[in-house]
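Note that these values count all heavy atoms, side chains included, but never hydrogens, waters or copies made by symmetry. Whatever order the structure lists ligands and atoms in, that order sets their numbers, starting from 1.
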Amino acid sequence: MKVRKAVILAAGMGTRMLPSSKVIPKEILPVIDTPAIQVVVEEAIASGIEEIVIVISPGKATVIDHFNCNLELERHLEERGKHELLEIVRRSNNPAKISVAEQQSPLGLGHAVLQARAAVGDEPFAVMLPDDIFDCPRPCLRQLLDAAEAKDAPVVALLKVARSEIPKYGIVDATRVGERLYELHGLVEKPPIEKAPSDFAIMGRYVVTPDVFELLAVGKPGAGGEIQFTDALMALSKRRKIYGYEFEGIRYDLGDRVGFISAQIGFGLKRPDLADRLRAYLQSIITQ
Ligand code: G1P
């Protein structure tokens, strides 16, 4: 399969990051200086995606505005000879073909994906959750796409999590079939620890076939009373083989306070312009 499109879900209310997400969409909150939504769009582009559909909810237009050109700002920077900043700002101007879909009511992740049906049409596509961001030797989505293309089948990102973390995630029942590759027999959204089929959690990167839309359209509310994407994937696994890929790299959960701080530190320590000062600061407070 050849995957050209990615759906980025940015319709959530961001309750885990209140009060900062009260007015500012959580997808605009930065990883150091770059909004999470831009980090995810750049991962999609680096993975070879050509068209991006961003699903937002009412009041979250800022997420899309971020990719528009701000002429006044650019003129200001140009007049002052701030070429480096100008370059940085221009990187976020229409970086790919981006379209918008709206989820009018918060009926769940699966329902949010369904809103992209018209924009995606009848072709395989990726789904990306901007709470999950990755620091990988090859972009996380690219790793999944390679597996999906090789198997000509849907693939989800997998990460082993601590037992105590299991109820926060979609958990899979999986058999290893290759290097980092697992065939999935079951997927369950946020199970209690004792009912979990494994400690393999789904992370927010998926490659799916368009028949998932039919399943979402008839999907019933599941965990938390919401139409869950995981439930549609479970239904999909009954129709065709689907796989999990234990990606290589680090994942940060931006929707979690410690995850958010960890991302700033982790990415900060990789930035040549920041690493030395940040490391010195961290050493000074740790040895206190
Ligand atoms: C969503 C998915 C869940 C997945 C998680 C990854 O949950 O429903 O299956 O494991 O993302 O971050 P949420 O974080 O929206 O509760």
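Where the criterion is an N or O separation shorter than 3.5 Å, residue side chain and backbone included, Thr230 meets it with respect to ligand 1. Polar contact check, Asp132 against ligand 1: a nitrogen or oxygen pair lies under 3.5 Å apart. For ligand 1, one of its N or O atoms has an N or O atom of Glu189 under 3.5 Å away. For the pair Gly170 and ligand 1, the shortest N or O to N or O distance falls below 3.5 Å.
Compare Leu254, Leu9, Leu109 by their heavy atoms: the one nearest to atom 1 (C) of ligand 1 is in Leu109.
Side-chain contact check for His76 and Glu72: no donor-acceptor pair (N or O, by modelled atom type) lies under 3.5 Å. If you check the side chains of His185 and Ser237, you find no donor sitting under 3.5 Å from an acceptor.
Residue-ligand proximity: Asp131 is placed with every non-hydrogen atom at 4.0 Å or more from ligand 1. Using a 4.0 angstrom heavy-atom cutoff, Arg251 counts as in contact with ligand 1.
Checked for salt-bridge contact, Asp146 and Arg180 miss the test: no charged N lies under 4.0 Å from a carboxylate O. A salt bridge is defined here as a Lys NZ or Arg NE, NH1 or NH2 lying under 4.0 Å from an Asp or Glu carboxylate O, and Glu248 with Arg138 fails to meet this definition. Look at Asp135 and Arg251 and you find no salt bridge, because none of the NZ, NE, NH1 or NH2 atoms lies under 4.0 Å from a carboxylate O.
For atom 5 (C) of ligand 1, the nearest protein heavy atom (residue, atom name, distance) is Ile202 O, 3.9 Å.
Hydrophobic side-chain contacts under 4.5 Å tie Val258 to no other Ile, Leu, Val, Met, Phe, Trp or Tyr residue.
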